[in-house]
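Reading through the structure tokens given below for one structure.
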Amino acid sequence: QVQLVESGGGLVQAGGSLRLSCEASGRTFSPYGMGWFRQAPGKEREFVASIDSNGKMTPYADFVKGRFTISRDNAENRVYLQMNSLKTDDTAIYYCAAGTRSYSSRFEIDYGYWGQGTQVTVSS
């Protein structure tokens with residue numbers, strides 16, 4: 001059974017940092033791209049960051065460039081999202097996703113597995 005489990009969310013003040021982690025189980029995801037998406041209350045889910053299978057291509061949404069960093073540890077079957085300089089607008093449920101190809105992607109259609117999400121709340 002394939003599972004993606006996110007952790008590391010919580011409540012943080014604006015300007016603070018959080019590190020999200022996504023642990024994959026049930027298969028190895030090292031050959032596949034991985035991504036983070038988020039969904040704020042009343043809004044559609046949106047792309048945050050992605051990483052290809054070997055960690056060399058890491059596209060980001062414009063609104064997180066310079067603040068968030070995606071990384072992966074293929075030996076541990078994990079992907080991370082380091083979030084710095086958090087803003088109240090970053091409040092959302094953050095989802096980890098596993099791709100169906102080796103490349104990184106901004107598009108949900110390129111992802112076959114999704115986690116349940118972890119809540120990130122940034123207070124002013």
Side-chain angles (χ1 to χ4, degrees):
Q1 181 182 358
V2 175
Q3 274 193 315
L4 299 176
V5 179
E6 302 96 336
S7 61
L11 174 64
V12 64
Q13 286 191 326
S17 299
L18 284 174
R19 189 191 194 208
L20 304 184
S21 177
C22 173
E23 181 178 10
S25 62
R27 64 180 283 189
T28 179
F29 285 98
S30 58
Y32 303 100
M34 301 289 289
W36 287 96
F37 291 74
R38 72 184 188 185
Q39 187 169 20
K43 296 186 177 181
E44 292 189 351
R45 190 160 58 187
E46 62 184 354
F47 168 76
V48 175
S50 179
I51 188 167
D52 67 352
S53 59
N54 57 21
K56 292 185 178 180
M57 295 296 293
T58 55
Y60 293 92
D62 286 346
F63 53 77
V64 302
K65 281 182 180 177
R67 299 190 298 125
F68 292 10
T69 303
I70 188 171
S71 61
R72 66 189 298 162
D73 183 337
N74 285 340
E76 296 291 329
N77 232 18
R78 285 179 179 267
V79 63
Y80 302 97
L81 187 68
Q82 178 66 43
M83 306 187 296
N84 298 329
S85 302
L86 282 161
K87 306 175 181 179
T88 55
D89 288 348
D90 294 319
T91 294
I93 298 173
Y94 283 72
Y95 296 92
C96 172
T100 57
R101 298 289 187 268
S102 64
Y103 50 79
S104 55
S105 173
R106 298 172 179 266
F107 306 106
E108 293 192 24
I109 196 172
D110 290 323
Y111 294 88
Y113 299 97
W114 293 82
Q116 293 298 305
T118 185
Q119 176 70 48
V120 171
T121 303
V122 185
S123 63
S124 58

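As the structure is a prediction and not an experimental result, all values here were calculated from the model.
Here the closest heavy-atom approach between residue Gly9 and residue Val120 is recorded as CA-CG2, 4.1 Å. Met83 and Leu86 get closest at one heavy-atom pair: CB-CD2, 3.8 Å. The minimum heavy-atom distance linking Val48 with Val64 is given by the pair O-CG2, 3.6 Å. Nearest heavy atom pair, residue Leu81 against residue Ala49, reads CD1-CB, 4.2 Å. Scanning both residues, Tyr111 and Gly99, for their nearest heavy atoms gives CD2-N, 3.5 Å.
Counted within 6.0 Å of CD on Gln116, heavy atoms from surrounding residues, nucleotides or ligands total 12 or fewer; the atom is thus considered open. Within a 6.0 Å sphere centred on CZ of Arg101, other residues, nucleotides and ligands contribute 12 heavy atoms or fewer.
Both Val12 and Phe63 belong to a single network of hydrophobic side chains, linked directly or stepwise wherever heavy atoms of I, L, V, M, F, W or Y lie under 4.5 Å apart. One hydrophobic cluster, built from ILVMFWY side chains closer than 4.5 Å, cannot hold both Tyr103 and Phe47; they sit in different ones.
Between Leu4 and Met34, the closest side-chain pair of non-hydrogen atoms falls below 4.5 Å. The shortest side-chain heavy-atom distance between Tyr113 and Thr100 does not fall under the 4.5 Å cut-off. Contact of the Phe68 side chain with the Asp90 side chain is registered, since non-hydrogen atoms from C-beta on lie closer than 4.5 Å. For the pair Gln119 and Thr91, the minimum side-chain heavy-atom distance is below 4.5 Å. Inter-residue side-chain proximity for Ser21 and Tyr80 is flagged as met; some heavy-atom pair is nearer than 4.5 Å.
When atom types are taken as modelled, the side chain of Arg67 and the backbone of Ser85 share a donor-acceptor pair closer than 3.5 angstrom. Without hydrogens or angle criteria, Asn74 side chain to Ser53 main chain gives a donor-acceptor distance under 3.5 Å. Within the 3.5 Å criterion, the main-chain N or O of Asp52 finds a donor-acceptor partner in the side chain of Arg72. With Asp110 contributing its side chain and Ser104 its backbone, the two residues share no donor-acceptor pair below 3.5 Å.
The OG atom of Ser105 sits 11.5 Å away from atom CE of Met57, with the distance rounded to the nearest 0.5 Å. Note that the CD atom of Glu23 and the CG atom of Asp73 stand 11.0 Å from one another [nearest 0.5 Å]. Atom CZ of Arg38 sits about 14.0 Å away from atom CD of Glu44, to the nearest 0.5 Å. The distance from atom CG of Leu18 to atom CD of Gln82, rounded to the nearest 0.5 Å, is 8.5 Å. Distance check, rounded to the nearest 0.5 Å: CZ of Arg78 to OG of Ser30 gives 15.0 Å. Atom CG of residue Leu20 and atom CH2 of residue Trp36 lie 4.5 Å apart, to the nearest 0.5 angstrom.
Classification of the Trp114-Tyr95 ring pair by plane angle, with boundaries at 30° and 60°, yields perpendicular.
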What's the verdict on side chain to side chain contact (heavy atoms under 4.5 Å, CB included) for Ser50 and Arg106, showing C-alpha distance, side-chain angles and the deciding distance?
-> CA-CA 7 Å; Ser50 179; Arg106 298 172 179 266; over 6 Å; no
Between Tyr94 and Glu6, is a side chain to side chain contact (heavy atoms under 4.5 Å, CB included) present by the stated rule, with each step listed?
-> CA-CA 8 Å; Tyr94 283 72; Glu6 302 96 336; over 6 Å; no
